[in-house]
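Just below is one structure, and these are the notes that go with it.
Residue numbers start at 1 and run along the sequence shown.
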Amino acid sequence: METLIATVLIMVIFVVSSLILNNLFSNSIKNNTRGITAKINEVEYQYKNDKITLPFYDAYKTWKINIEMTDNREKVNINAKNTQTNKTVKKTIYKR
């Protein structure tokens with residue numbers, strides 16, 4: 001009887017711990033924006049060195065990137081939106 005209870009407890013602990021680890025890994029993958037941040041920095045560099053013209057639209061993996069100047073021409077907005085998760089990364093460049 002004790003063996004059965006110990007086996008059930010071990011199974012429950014194993015299942016709970018694997019669910020927790022699965023949740024942690026899936027969240028870290030979904031919230032990883034390192035790739036799109038690098039792409040935004042690359043596009044920002046190209047804009048600052050006059051390699052691209054505005055408005056600029058691009059796609060990177062599952063992200064849609066657009067760069068537009070504001071109406072008063074004082075700043076440039078860079079927006080990247082993930083088409084699968086609807087997560088948005090924004091960056092603003094202020095003109096000198």
Between [atom1] of [X] and [atom2] of [Y], what distance do you get to the nearest 0.5 Å?
X     : Y     : atom1 : atom2 : answer
Leu54 : Arg73 : CG    : CZ    : 9.0 Å
Asn31 : Arg34 : CG    : CZ    : 13.0 Å
Lys75 : Met69 : NZ    : CE    : 12.5 Å
Trp63 : Lys87 : CH2   : NZ    : 6.5 Å

Residues that Thr88 engages under side-chain hydrogen bond (donor to acceptor under 3.5 Å, both in side chains), provided they are two or more places apart
none

Only counting residues at least two apart or in another chain, list the ones meeting side-chain hydrogen bond (donor to acceptor under 3.5 Å, both in side chains) with Glu42.
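Listed in chain order: nothing, the list is empty.
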
Side chains of [X] and [Y]: closer than 4.5 Å at any heavy-atom pair?
X     : Y     : answer
Thr33 : Ile36 : yes
Asn77 : Thr70 : yes
Asn79 : Ile65 : no
Ile52 : Val43 : yes

Working for side-chain contact (heavy atoms from CB on, under 4.5 Å), residues Glu44 and Ile93
CA-CA 8 Å; Glu44 177 185 359; Ile93 305 170; 3.4 Å; yes

Looking only at side-chain N and O atoms, does Asn41 offer a donor or acceptor that is under 3.5 Å from a partner on Lys91?
yes

Polar contact flag, side-chain donor to acceptor under 3.5 angstrom, Asn82-Asn86:
no

Tell me, with the steps shown, if Thr92 and Ile78 meet side-chain contact (heavy atoms from CB on, under 4.5 Å).
CA-CA 6 Å; Thr92 302; Ile78 303 174; over 6 Å; no

Donor-acceptor contact present, side-chain [X] to main-chain [Y], <3.5 Å:
X     : Y     : value
Asn22 : Ser18 : no
Asn49 : Lys51 : no
Thr83 : Thr62 : yes

More than 12 heavy atoms from other groups under 6.0 Å of OH on Tyr57:
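Yes, because the 6.0 Å sphere around OH of Tyr57 holds more than 12 heavy atoms from other groups.
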
Suppose we screen for salt bridge (charged side-chain N to carboxylate O under 4.0 Å, His left out). Which residues come up paired with Glu68, at least two apart in sequence or across chains?
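Scan of Glu68 (salt bridge (charged side-chain N to carboxylate O under 4.0 Å, His left out), adjacent residues dropped) gives none.
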
Would Asp58 and Lys39 pass as an ion pair if we require N to O under 4.0 Å?
yes

